[in-house]
Amino acid sequence: MGKDTVADIITSIRNADMNRKAMVQISSTSINEKIVKILLKEGFIKNVRKHCENDKSFLVLTLRHRINSIPKGSYKNLLNLKQISRTGLRIYSNYKRIPRLLGGVGIVLLSTSKGIMTDREARSEGIGGEVLCYIW
C-alpha cells in the first residue's frame, strides 16, 4: 500500500474483480470507509464488514459478480473503476461541469468541502471539487 489511498482501494478492488475473488481486504481509513459506503449504497458491492487484527483494522468487501449465459461460464466484470486525479495531476471541476458517466448510469466520486460524495449529490448541493474516480 502506498500513500495514495484512493489509488490503492481502486487497484485492490479492480484486481480482486478481475481474478474473480469474492472478497477483498483493504485498510480501514476514513477516506476508504466513505468510498466503500458510497459503493455499498450505489449497489456496486454486496457487503462490508470491519475486521480488527493485531491493533490494525481492515474492511472486508464482498464483491458482486455476474455470469453471462452465452457462452457458458464466461465472466464479465461488474465493477469498472478508473482513477482520474492522481498525486501528480489533480483534476477539479465546478458543479456545472461535473462529467456525467454513461448518461447517469455510472457515478463520479468527488472530494468536496463537505466530504466525499457522488456527482448527483454534488450537483444537487451546488458544489464542485476534486474528481477522484469514475465507477460504472
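The figures here come from the full heavy-atom set of this structure, side chains too, leaving out hydrogens, waters and symmetry mates. Model, not experiment: these values are computed from the prediction.
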### Message
I need the Leu81 CG to Ile35 CD1 distance, nearest 0.5 Å.
### Response
9.5 Å

### Message
With heavy-atom distances below 4.5 Å as the criterion, would you say the side chains of Leu61 and Ile13 are in contact?
### Response
yes

### Query
Do the non-hydrogen side-chain atoms of Tyr95 and Ile127 ever get within less than 4.5 Å of each other?
no

#### Entry: Summary of side chain to side chain donor-acceptor pair (under 3.5 Å) pairs that have at least one residue in residues 43-62, sequence neighbours excluded
Glu33-Lys50, His51-Glu53

#### Entry: For Arg120, salt bridge (charged side-chain N to carboxylate O under 4.0 Å, His left out) partners two or more places apart
Glu42

### Message
Quick check: is Leu89 connected to Tyr134 through a chain of hydrophobic side chains (ILVMFWY, heavy atoms under 4.5 Å apart)?
### Response
yes

### Task
With the side chain counted from C-beta on, respond yes when Ile98 and Arg123 share a heavy-atom pair under 4.5 Å apart, and no when they do not.
yes

### Query
Tell me, do Ile107 and Ile38 make a side-chain contact under 4.5 Å, heavy atoms counted?
yes

### Message
Counting C-beta onward and ignoring hydrogens, is there a side-chain heavy-atom pair between Ile84 and Leu132 closer than 4.5 Å?
### Response
no

### Query
What's the spacing between Arg90 CZ and Ser85 OG if we round to 0.5 Å?
6.5 Å

### Message
Measuring from atom OG1 of Thr118 to atom CG of Leu39, what distance do you get when rounded to the nearest 0.5 angstrom?
### Response
11.0 Å

### Query
Ser124 side chain to Glu121 main-chain N or O, any donor-acceptor pair under 3.5 Å?
yes

### Joint cluster assignment, Leu40 & Leu63, ILVMFWY side-chain distance < 4.5 Å
yes

### Query
Within a strict 4.5 Å, meaning less than it, do heavy atoms of the Val24 and Asp17 side chains meet?
no

### Message
I'd like to know if the side chain of Asn19 and the backbone of Asn15 have a donor-acceptor N/O pair within less than 3.5 Å.
### Response
yes

### Separation between CG of Leu101 and CD1 of Ile135, rounded to the nearest 0.5 Å
9.5 Å

### Query
Is there a donor-acceptor pair closer than 3.5 Å between any side-chain N or O of Ser27 and the backbone N or O of Phe58?
no

### Summary
Sequence neighbours excluded, the answer for salt bridge (charged side-chain N to carboxylate O under 4.0 Å, His left out) partners of Arg86 is none

### Message
Would you say that Val48 contacts Val60 through its side chain, given a criterion of any heavy-atom pair below 4.5 Å between the two side chains?
### Response
no

